[in-house]
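Counting starts at 1 for both ligands and their atoms, following the listed order.
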Amino acid sequence: MSRIDLHLHTTHSDGSFPPSEVLKLAKKASVTALAITDHDITSGLPEAMSIGQELGIEVIPGVEISSFDGRSELHILGYCLDWKDPVLDERLGTLRASRHRRNPLIIERLRAAGLDVTYEEVRQMAGTESVGRPHIAQLLMKKKYVLSAKEAFDRYLAEGKAAYVARELPRPDEAIRWIREARGVAVLAHPTWIKDGGQGFLGCVTALKEAGLDGVEVHYSTHSKSQTSGYLELAMRLDLLVTGGSDFHGITKPDIEVGYGRGDLKVHPRLLDPLKTIAAGR
Ligand SMILES: [Zn+2]
Ligand SMILES: [Zn+2]
């Protein structure tokens, strides 16, 4: 049965497969339309679009922008945006530069904590992928400082731990504005990441809607049935678009498959038209 998947990562950010491989997996999974949503970068789109044409899969231009609201890191998905827009390109470039400054700082903190690791080793670990905290976790496992990636985050890499370095991120309302100024549609990714700080979940999403948010990722690999129905209700109440995707990364999230998530994800193709309608008005 046909399905769509509006949240996929490739080697252009922290995914482990290039766009062409992700498209092939999508074909096998009977995905008829998809969005490549790499973190803060759109460089995977030309390859995805040309392979999409070959395989008969519609490729929606996408991006996933990291932001911080003072309590939670929130990810804003941008769809159907003008990804060649020079202003957007410059904004994303600045965001990526802050990520690249961060990794060597994390290594410095690990070394200060007495761990024998170098940035060069992390780069080798990442191979052709862009360096991120998952690679640092892999290195700590390889060097037997920890037994699992989870332990690496719990002991060193997570917020508040010895080697945590905060990123300079835009606020969610800025990320939304960047997407809309590039004539795209802005959607809140994995809404479970919201830490409402007493404002209430509804209050947080209402504030995002007032800042221009268009939709919410209701269907997501790790959502329970009750979470999905709760977010669906929220979307209806606030008149937000409903979207969904697997957040496929490849081998770093081995339990998640393109189109199927953990097996029970189903994003219906009918969700695409409302998204395109909003995009056409931008
Ligand atoms: Zn995300
Ligand atoms: Zn993602």
Open item on the list: What I want to find out is whether Arg167 reaches Asp40 closely enough, with some N-O distance under 4.0 Å, to be called a salt bridge.
Closed with: yes
Per-pair distances, 0.1 Å, donor-acceptor, side chain in residues 15-24, under 3.5 Å, sequence neighbours excluded:
residue	atom	partner	partner atom	Å
Ser16	OG	His249	O	3.2
Ser16	OG	Ile251	N	2.7
Ser20	OG	Glu47	OE2	3.2

Task: Number of protein N/O/S atoms that sit closer than 2.8 Å to the Zn ion (ligand 1) - done: 3
Task: Transitive ILVMFWY cluster of Leu157, excluding itself - 4.5 Å side-chain cut-off - done: Leu105, Ile106, Ile107, Leu110, Leu115, Val117, Tyr119, Val122, Met125, Val131, Ile136, Leu139, Leu140, Met141, Tyr145, Val146, Phe153, Tyr156, Val165
Task: side-chain contact (heavy atoms from CB on, under 4.5 Å) partners for Ser2, two or more places apart - done: Thr32, Pro269
- [ ] Give the intermediate values and the outcome of ring pair (Phe, Tyr, Trp, His ring centres under 6.0 Å) for residues His75 and His39.
- [x] CA-CA 9 Å; His75 291 176; His39 295 287; 5.7 Å; yes
Task: Salt-bridge contact Glu168-Arg101 (side-chain N to carboxylate O under 4.0 Å) - done: yes
